[in-house]
Amino acid sequence: MKNVSETILAGLSDRQQQAVKHTEGPLLLVAGPGSGKTRVMAHRLAYLVGVNNIPADRILAVTFTNKAARELKERCERLVDFQKEFLQVRTFHGFCARVLRFDGDYVGIPREFSIFDEDDQKKVIRRSFEDENIDIKQHSPGTILNTISRLKNSTKMPDEFAREVSDYGQEIASRIYSRYQSILDVSNAVDFDDLLLKAFILFNDHKYVLDKYSDRFKYIQIDEFQDTNPLQFKVSKLLSNNNGNICVVGDPDQSIYSWRYADPSNLTDFKKSFPKTTVITLDQSYRSTKNILDAANSLIVNNPDRTDKNLWTNNDIGSKIAVYQTGSEEDEARVVLDEIQRLNQSENTPLNEIAIMYRVNAQSRAFEVLCQRLGIRYRLIGGVKFYERQEVKDVLAYLRIVNNKSDDAALLRVINTPRRGISDKTVAEIIRMARENNTSVFSIIAEIYSGKLTGELIPRAIKSIKAFFELLEGIFDISDQLDITDLINFILERTDYISYIRRDEDKGLDREENINELKASSDQYTGIDTGSQLSSFLENVALVSNVDNLEGGDDVRPSSEDLTLITLHQAKGLEYDAVFLVGCEEGLLPHVMSIGEPDSLEEERRICYVGITRAKNNLYFSYSLVRRFRGVTGGQMLSRFVNEIPENLTTKKYARGFSHPLIDGYLKNSPNRKFKSPNTRPLVDEKRTVQFSKGTKVKHDIFGDGIIIKNEGNEGEVVFLKHGVKRLMWQYAPMIVIEKKRRHENDSHDFVDPEIDTA
DNA sequence: ATGCTGGTTGTTTTT
DNA sequence: CAACCAGCAT
């Protein structure tokens with residue numbers, strides 16, 4: 001019989017083996033894309049259990065998504081025999097939720113707390129504005145939520161923040177933050193940040209509890225450490241301080257979540273917190289061809305202040321990277337899907353080995369439409385997520401109330417859904433009463449039912465409220481005797497919900513189908529003790545992400561023959577035989593928001609890097625010269641990131657009708673590139689530049705008639721009668737001159753009428 | 001109380 | 001161009 005250690009180490013490189021065998025003391029594993037990171041992590045866990053005989057329940061593995069957790073666990077199981085339920089593989093949020101479920105009462109969190117998602121949070125923010133009598137129109141809920149999230153990530157509590165307020169804007173933020181938090185408290189609810197924050201406070205303030213967990217988890221292994229935020233770092237540090245067996249894995253070049261307060265220095269400065277750290281770098285890629293790796297390397301070196309790490313591989317050179325220039329979104333979709341069909345039919349690449357990746361979700365649309373028309377099966381990751389559908393959320397809201405009567409967000413969601421004669425005005429009055437009594441909406445309703453409170457309510461409203469209360473009581477009474485699926489059926493029946501959604505002729509059937517799917521996903525909880533099945537089901541629902549449903553999910557229809565449409569962010573950690581990076585345009589990738597801000601621009605470059613390194617054999621970039629964006633059409637330029645890739649690695653292709661003799665020149669000498677090689681020749685031919693002098697009237701294929709108002713050589717601005725001011729590159733603009741500038745007109749004179757659009 | 005409509009608004013990425 | 005909201009008519 002082969003010995004366990006040999007089995008576990010078989011097929012691993014020296015470096016990988018070194019990482020697997022390093023079990024004692026802090027370990028920092030810098031793992032480039034495709035370097036076998038997941039493999040090493042799985043083997044390392046198996047080694048701990050199988051060779052070092054560490055009981056599985058003494059190990060905690062933390063991953064970024066539930067899917068990664070599942071994968072890690074499965075791979076580990078294939079290597080070594082152990083009781084799999086003992087190995088804790090969780091996301092940070094999932095782990096913290098679990099801890100709070102057990103020991104939350106130390107920090108004032110009841111066992112049956114609710115987890116508020118972004119939707120709930122926004123509603124609470126709105127309510128806070130109303131409570132504080134501040135006009136919400138002056139502020140965006142999103143911005144305030146961001147601020148609150150930042151405060152929580154720096155462990156700043158509402159009262160503390162209130163004391164250091166220094167200007168009016170902060171005062172507003174502070175008042176809303178306090179109010180927001182007290183609504184959450186009254187609702188027995190936490191938001192995503194609270195899961196981490198409260199767990200941190202619990203560990204920090206209650207040594208007994210901390211010791212319980214850090215004694216139990218002798219070994220901790222954390223994935224995607226470059227994307228951990230300050231709270232996650234603090235929790236990790238506390239948990240591992242007693243024994244120091246912490247292994248963190250990550251890649252600073254793939255840090256793409258700084259907007260969520262992730263801090264890559266948690267990884268890069270890891271040694272500062274754990275001086276005895278051993279560092280192992282995995283830089284051999286087993287995934288991508290040489291060409292693809294070269295492209296990735298030559299892109300990422302443009303980020304300054306980066307610790308040098310060049311990926312290398314023994315793989316083939318592979319084919320060149322294609323750069324497709326297209327004329328419009330539809331054009332782009334057509335070109336990309338044409339090639340995908342060719343790969344699929346002529347080269348036998350299965351569709352599930354192909355992905356289209358984009359920067360923003362809105363880009364998926366054109367591809368979806370065309371997939372449907374061509375009959376290509378696809379799965380869209382993200383978009384409107386299953387658990388975010390109206391009807392699903394409604395049913396979940398009823399379940400949440402059963403689980404936690406104080407859950408105001410859930411209660412307010414269904415108080416009049418289906419319609420039961422409780423008007424907005426009535427609801428507003430109930431909310432006011434709740435605030436006045438500093439209690440939950442449900443307890444106000446209960447008081448109204450028992451006649452102790454009436455507020456300013458009219459008799460008819462009181463009658464409706466009483467009926468609603470009775471409805472809820474009826475559900476509560478029977479809830480602990482039913483499995484979730486039966487409970488859902490009971491709720492549907494009592495609320496007459498199905499006939500409510502059937503009234504929608506268009507979407508009624510879909511919605512009913514979604515509810516059936518929800519029931520199916522709750523079915524697997526059947527049999528567990530009815531007391532805890534509801535809260536674990538709801539917890540699971542709150543913490544699943546989009547990628548979790550990708551494959552092998554417990555509750556999702558299998559779809560091995562589907563093309564994948566996915567954002568670059570979500571694609572992290574995945575790999576495909578062929579990857580199409582679409583919309584490689586200035587303003588999209590890099591996103592407009594980041595242009596001009598060096599830090600954000602570097603992150604955009606990393607996002608692009610992540611995309612490139614998902615590809616095993618075939619990589620494509622595509623961009624469109626013209627793109628509709630929030631209802632307006634604008635001219636686009638090829639992304640600087642594509643220009644940072646050496647030309648000998650790429651081949652350029654032009655969509656029908658849009659190729660242009662000057663385009664080759666452009667790809668060579670784009671404005672971005674000029675900074676690097678100052679002796680490249682200007683790219684636009686003289687004639688075409690000259691004829692676009694200021695004041696010239698032109699006709700554009702798409703925008704129609706316009707007048708040139710600015711000429712900066714290669715590009716300039718045109719004001720169009722119907723579309724307003726556009727920035728265009730002369731060489732691409734499908735535009736003809738209809739009337740030359742009149743001579744006597746003064747060039748310096750600014751004749752633009754800003755109202756020309758409305759004329 | 002409910003449903004419709006017309007005007008306004010905003011748009012990165014998400015555990 | 002959507003989605004969303006407020007105010008209006010039913």
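Labels below follow one simple rule: chain letters A, B, ... track the order of the sequence lines, proteins then strands, and each chain is numbered from 1.
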Ring-plane angle category for A:Tyr213 and A:Phe217, please: parallel below 30°, perpendicular beyond 60°, tilted otherwise.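 A:Tyr213 and A:Phe217: parallel rings.
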What is the nucleic acid contact for A:Arg606, judged by heavy atoms within less than 4.0 Å: base, sugar-phosphate only, or nothing?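 Since no nucleic acid heavy atom lies under 4.0 Å of A:Arg606, the category is nothing.
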When only distance counts, do a donor and an acceptor, one from the side chain of A:His93 and one from the base of B:dT15, lie under 3.5 Å apart?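 A donor-acceptor contact between them is present.
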Please find out if less than 6.0 Å separates the ring center of A:Tyr500 from that of A:Tyr497.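 Yes, the ring of A:Tyr500 comes within the 6.0 Å limit of the ring of A:Tyr497, centre to centre.
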Among B:dA1, B:dT14, C:dA2, the one nearest A:Arg365 by side-chain distance: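 The closest nucleotide is C:dA2.
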Nearest-Å distance, CZ (A:Arg419) to C1' (B:dC4)?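 Result: 12 Å.
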Is A:Trp259 stacked against the base of B:dT12, taking the criterion as centroid distance under 5.5 angstrom and interplanar angle under 30°?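 According to the criterion (under 5.5 Å, under 30°), no, A:Trp259 does not stack.
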Using a cut-off of strictly less than 4.0 Å, decide whether A:Thr567 has a side-chain nitrogen or oxygen near OP1 or OP2 of B:dT14.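 Yes, within the criterion.
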For the P atoms, the ones on C:dA6 and on B:dT11, what distance do you get once it is rounded to whole angstrom?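 Between the two P atoms, the distance is 15 Å.
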Mind checking if A:Asp117 touches a base, just sugar-phosphate, or nothing, with heavy atoms under 4.0 Å?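 No contact.
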For nucleotides B:dT13 and C:dC4, find the distance between their C1' atoms and express it as a whole number of Å.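 The same atom, C1', in both gives a distance of 22 Å.
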Per A:Val360 side chain, nearest of listed nucleotides C:dC5, B:dA1, B:dT12: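 The listed nucleotide nearest to A:Val360's side chain is B:dT12.
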Spacing of A:Gln570 atom CD relative to B:dT12 atom C1', expressed in whole Å: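 Rounded to whole Å, this separation is 12 Å.
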Just checking, any donor-acceptor pair under 3.5 angstrom between side chains of A:Tyr609 and A:Asn303?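 Not at all, the side chains of A:Tyr609 and A:Asn303 share no donor-acceptor pair under 3.5 Å.
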Are the aromatic ring centres of A:Phe64 and A:Tyr257 under 6.0 angstrom apart?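 Aromatic pair counts; centres sit under 6.0 Å.
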